[in-house]
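Everything below concerns the one structure shown next.
It should be emphasised that the depicted structure is a prediction, and the values quoted were computed from it without experimental measurement. Throughout, a chain's letter reflects where its sequence line sits, starting with A, and its residues are numbered from 1.
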2 protein chains.
Amino acid sequence: MGVTNKLVRTDDGASVGCLAVNEAVALFRDKWTLLCLGALSKADGPLRYHALQAAVGGISQRMLTLTLKNLERNGLVTRTLFASVPPRVDYALTPIGRSLGAPMKALLHWSLENHEAMERARRAYV
Amino acid sequence: MGVTNKLVRTDDGASVGCLAVNEAVALFRDKWTLLCLGALSKADGPLRYHALQAAVGGISQRMLTLTLKNLERNGLVTRTLFASVPPRVDYALTPIGRSLGAPMKALLHWSLENHEAMERARRAYV
DNA sequence: CAGGATCCGCACAGATACTG
DNA sequence: CAGTATCTGTGCGGATCCTG
């Protein structure tokens with residue numbers, strides 16, 4: 001509601017419901033979310049905490065924990081805790097999390113197609 | 001190069017070249033870029049500085065200027081200055097800028113499809 | 001009209017140390 | 001092993017005032 005109004009009224013083909021897109025982008029606006037999702041996607045199965053940290057590469061424990069908590073909160077990953085000693089926690093993508101792969105692929109395509117042109121533009125820029 | 005290696009080696013279907021996508025997302029990771037692009041897209045033609053500010057809605061002069069400068073630098077919008085008094089500046093999308101509409105549409109679709117489910121997940125979250 | 005300059009607050013993110 | 005706690009810094013963004 002409220003937002004939905006602006007979503008659906010994507011007046012013409014060019015306009016694209018920017019508010020909704022912006023809201024969607026807000027989900028992975030931070031530095032690590034996409035990298036975590038990517039690592040889980042590549043693994044194609046659950047990953048444990050430290051395996052995930054290694055797969056992402058360069059992420060601190062704090063940031064990994066925060067990022068995962070956020071993803072779990074939004075229903076993009078599941079966290080399953082095994083009551084064992086030492087403890088074990090598995091993270092995996094939910095169907096929603098997996099479904100993000102499609103739009104990301106579109107973005108990847110766009111990036112590949114326009115990356116060079118943008119690089120040139122940057123160089124040409126005064 | 002360097003990046004490209006990691007781009008192309010999108011090992012399987014699921015993995016999606018996350019580093020490249022993350023780099024692409026960095027272009028509009030900030031609060032206003034997508035909204036500016038959306039305003040220009042809706043206008044379907046050049047917009048003057050203050051018209052753009054009104055179209056975006058809620059953006060400060062500082063942020064508008066910074067955002068536009070960045071977009072110009074990356075070759076997504078053009079800035080044409082008319083040497084008149086009072087001055088007049090037109091902003092318009094470049095082909096690259098327009099081409100971003102396609103992946104954004106994919107993202108919009110995804111958002112529309114999963115928005116509710118995520119909302120439910122958030123409510124269910126302890 | 002279209003900005004530039006400046007000051008400030010705050011959320012995001014990094015590093016380190018500690019714990020059930 | 002899988003976190004939590006704390007401190008700290010920095011870049012984004014807002015508000016206000018000034019100018020060619």
Nearest whole angstrom, please: distance from the [atom2] of [N] to the [atom1] of [X].
{"X": "A/L64", "N": "D/dT4", "atom1": "CG", "atom2": "C1'", "result": "13 Å"}
{"X": "A/N70", "N": "C/dA13", "atom1": "CG", "atom2": "C1'", "result": "14 Å"}
{"X": "A/L81", "N": "D/dG3", "atom1": "CG", "atom2": "C1'", "result": "11 Å"}
{"X": "A/D90", "N": "D/dG3", "atom1": "CG", "atom2": "P", "result": "10 Å"}
{"X": "B/Q53", "N": "D/dA15", "atom1": "CD", "atom2": "P", "result": "12 Å"}
{"X": "A/L68", "N": "D/dG3", "atom1": "CG", "atom2": "C1'", "result": "11 Å"}
{"X": "B/D30", "N": "D/dG14", "atom1": "CG", "atom2": "P", "result": "10 Å"}

Shortest non-hydrogen separation from A/V77 to A/L68 and the atoms involved: CG2-O, 4.1 Å

Give me the atom names and distance for the closest heavy-atom approach of A/C18 to B/G38. SG-CA, 3.2 Å

Would you say the side-chain atoms of A/T67 and A/N70 include a donor-acceptor pair closer than 3.5 Å? no

Does either side chain, that of A/T65 or that of A/Y49, offer a donor lying less than 3.5 Å from an acceptor on the other one? yes

Between B/Y91 and C/dG3, is there a side-chain N or O to OP1/OP2 distance below 4.0 Å? yes

Phosphate contact (D/dG3 OP1 or OP2) by A/K69 side-chain N/O below 4.0 Å: no

Assign a letter to each nucleotide of nucleotides 14-20 of chain C from its 5' end: B, base within under 4.0 Å of a protein heavy atom; S, sugar-phosphate only; -, no contact. BB----B

State plainly whether the residues B/D90 and B/R88 are in salt-bridge range, i.e. N to O under 4.0 Å. yes

Quick test of your reading of the model: are B/E119 and B/R122 salt-bridged, counting only N-O distances below 4.0 Å? yes

For side-chain contact (heavy atoms from CB on, under 4.5 Å), just list the numbers for B/C36 and B/I59, CA-CA rounded to whole Å, side-chain angles, deciding distance to a tenth of an Å, and then say yes or no. CA-CA 9 Å; B/C36 285; B/I59 190 173; 4.3 Å; yes

Nearest heavy atom decides the nucleotide; on that basis, is B/L66 or A/H50 closer to the 5' end of DNA chain D? A/H50

Checking all strands, does B/R79 fall into the base, sugar-phosphate, or nothing category for heavy-atom contacts under 4.0 angstrom? sugar-phosphate

Under 4.0 Å, counting only non-hydrogen atoms across every strand here, what does B/F82 touch: a base, just sugar-phosphate, or nothing? nothing

Could you walk me through whether B/R29 and B/N22 pass the side-chain contact (heavy atoms from CB on, under 4.5 Å) check? CA-CA 9 Å; B/R29 184 167 271 157; B/N22 220 22; 3.0 Å; yes

Taking B/D30 for the side chain and B/W32 for the main chain, is one N or O donor matched with an acceptor at less than 3.5 Å? yes

Nearest-nucleotide 5' precedence on DNA chain C, A/R29 against B/R88: B/R88

Taking the side chain of B/R48 as its heavy atoms from C-beta onward, which of D/dT4, D/dA2, C/dA2 lies nearest to it? C/dA2

Starting from the first five and the last five pairs of the helix from C/dC1-D/dG20 to C/dG20-D/dC1, work out the angle between the resulting helix axes, to 10 degrees. 50°

